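To start, the structure itself, in structure tokens.
Keep in mind that the numbers below use all heavy atoms, side chains included, and drop hydrogens, waters and symmetry copies. Treat the numbers as computed from the prediction; the structure is a model and nothing was measured.
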Amino acid sequence: MGLLEQVTSPADLRDLTDSQLEALASEIRDELVRTCAPRGGHLGPNLGVVELTLAIHRTFDSPRDRIVWDTGHQAYVHKMVTGRATQFDSLRTEGGLSGYPNRRESEHDIVENSHASTSLSYADGLAKAYALRGEDRYVVAVIGDGALTGGMAWEALNNIAMGKDRKLVMVVNDNGRSYQPTVGGLASHLATLRTNPRYEEMLDLVKKRLNQVKGVGPAVYDALHAMKKGMKDALAPQGMFEDLGLKYVGPIDGHDRQAVEQALVQAKRFRGPVIVHVITHKGFGYNPAERNETDQFHQVGAFDVETGESRPAGRIWTDFFSEEMVALGRVRQDLVGITAAMLYPVGLDRFAAAYPDRVFDVGIAEQHAVTSAAGLALGGLHPVVAIYATFLNRAFDQVLMDVALHRCGVTFVLDRAGVTGTDGPSHNGMWDLSVLQVVPGLRIAVPRDGARVRELLREAVDVSDAPTVVRLPKGSPAEDIPAIDRVGGCDVLVRRGTKEVLVVGIGSMAAVGVEVAERLEAQGIGVTVVDPRWVKPIDPALVGLARDHRLVVSIEDNGRVGGVGSALLQLLTEEGVTTPFSLHGIPQEFLQHAERQAILNRIGLNAQTIARGVVERLAAEGHEPLPITERAARD
């Protein structure tokens, strides 16, 4: 039995010797690589926090002392040492461990927290609560340097500094990266703290002088070295934090567990808010991750353990956007890209390589990204803001009041829209079609396949007097589905038999709509399938189509409340269309992690379930399927 299997709680770590802890760290890294290889996950960040996590749990008493991870994707090691090591094989699988802290899994997890820059606000509130309740408890917030580029973190720091007697320790896990290298003035400042030559020069001088003192000199130096960057007051420009009134300890080598522990003990003694600045390396201890220049295996798909090579995968929705952006950039000199610390995941890397002066990575600062885009538009450019759909929620006010109010020509490309699956409830992009419906003048395009990504992106960036949105799901699109006709702006994909059922397939759900049509036709039911392409505003052509059919069925990969189906039903009601309506979408609940298709099957967003529901509804209303002979004659 390995050491890891014997760790059932953080208390077990305190009984281990230094050599056992070193062996445990090696076991943890092996387990991280082994578990992530077949299914992917946030490998790089967790390889980088092994010693840091051990030090935190040896110094603080979880769950009495509360540990908040920002972002939660760096909490795999935390899961292992809080009693979940034997379940780690189930990571990111249906019914298994979540890829983020999860309150349902463990008393050691307090928030799910996979949207960045929030930990300090959680910690501020917790520390205030414990102070008011008279509870002697520490709060520890572990925040990556990338998350410190988010304005919310600085709002929290401004408030935390006021609570001089609140026992709050903020560990800045500084690896110079969020997904890619961290950008901005803060990143430059932390780099200065990491690389200040005065520290190295002074350390060498101290070492030389102390080693000349017989007997005690080397021992004293070793003690100082264990504290490492605790000499910072005279050596490093840490004033940024201290100007806020916060104590500062560091920088500390985050892979030197003993040094981290001593720094954390020192921080506890302050009995007030203190920053502990820890330097780690993403991917540490696994050579393929350390050598990966793109993101050091921040989030990987399946890969080969020996080589680190990714397993073959098909082209994803993002690839079609990425290629079309480059093509558009050649003919549109006014086109610029904006990303919030996710250049590669959202597909702007190719555009950045082709036009490096026309891409702006603003860090984890979605609100700033959107209003900066408004400024770019007001300055005569056409910005394309590429962002995960779930993260646009954070910048809704900026979309509404800074972009739409001023009729700015800004295009938002929402990646990972709809059900995303294994990353859990915070990453399903199931809110955008509902949230954005209320924005006056904004237009939304939802491509059904790769060809439509190119087509609709071109149409979107041609709009100069209003914001536009192009919505992309996660994974690979189906084969291109050609239109057989166009009614208004809607593509007709299927027209078979009499006008009984009108299926409105939104984006990737158009492929599901085509499969529904095949099943209905087999039952002798006439069906028309349309893809609206642009879903806000609703195409008036759908009113006439709905009026001509016996049942309207809408299918979308978005919440049922306030989405495209709801907007269409409202329009039909306003136009006096009484055709029965069946709305299919995501229930308004936080979906637990599983593979995308498994979730779609569970919530009924698949052709079999939808077709069965249509047949049952028509049967209840007196519809009689065509006899087989009549069906054959018709065909």
- [ ] Look at the rings of Y76 and F88 and say which category their plane angle falls in: under 30° parallel, 30 to 60° tilted, over 60° perpendicular.
- [x]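 Ring orientation, 0 to 90° scale: perpendicular.
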Open item on the list: I'd like to know if the side chain of D70 reaches the main chain of T118, judged simply by a donor and an acceptor atom lying under 3.5 Å from each other, with no hydrogens or angles considered.
Closed with: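 The answer is yes, because a donor-acceptor pair under 3.5 Å joins these two groups.
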TODO: Answer yes or no on whether R166 is positioned over the face of Y130, meaning its NZ or CZ is under 6.0 Å from the six-membered ring centre and within 45° of the axis.
DONE: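 Cation-pi check for R166 and Y130: fails.
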Would [X] and [Y] pass as an ion pair if we require N to O under 4.0 Å?
{"X": "D65", "Y": "K268", "value": "no"}
{"X": "E556", "Y": "R471", "value": "no"}
{"X": "R29", "Y": "E51", "value": "yes"}
{"X": "R66", "Y": "E135", "value": "no"}
{"X": "D109", "Y": "R104", "value": "no"}

- [ ] In sequence, state the C-alpha distance, the side-chain angles, and the governing distance for D557 and I586, and then conclude on side chain to side chain contact (heavy atoms under 4.5 Å, CB included).
- [x] CA-CA 6 Å; D557 190 6; I586 302 170; 3.4 Å; yes
Open item on the list: Regarding N601 and Q597, do their side chains bring together a donor and an acceptor under 3.5 Å, going by distance alone?
Closed with: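 Indeed, the side chains of N601 and Q597 share at least one donor-acceptor pair under 3.5 Å.
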Task: Any donor-acceptor N or O pair under 3.5 Å, side chains D18, Q258 - done: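 The criterion, which ignores hydrogens and geometry beyond distance, is satisfied for Q258 and D18.
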Open item on the list: Centre-to-centre under 6.0 Å for H427 and F391, is that the case here?
Closed with: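 Ring centres of F391 and H427 closer than 6.0 Å.
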- [ ] Evaluate salt bridge (Lys or Arg N to Asp or Glu O under 4.0 Å) for E94 paired with R602, printing each intermediate quantity in order.
- [x] CA-CA 11 Å; E94 188 170 9; R602 180 176 68 78; 5.3 Å; no
Task: Side chains of V77 and L32 in contact at under 4.5 Å (non-hydrogen atoms) - done: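 They are in side-chain contact.
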Open item on the list: Applying the side-chain contact (heavy atoms from CB on, under 4.5 Å) criterion to K474, which one of D415, N428, T422, T318 satisfies it?
Closed with: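 Among D415, N428, T422, T318, the one that satisfies the side-chain contact (heavy atoms from CB on, under 4.5 Å) with K474 is T422.
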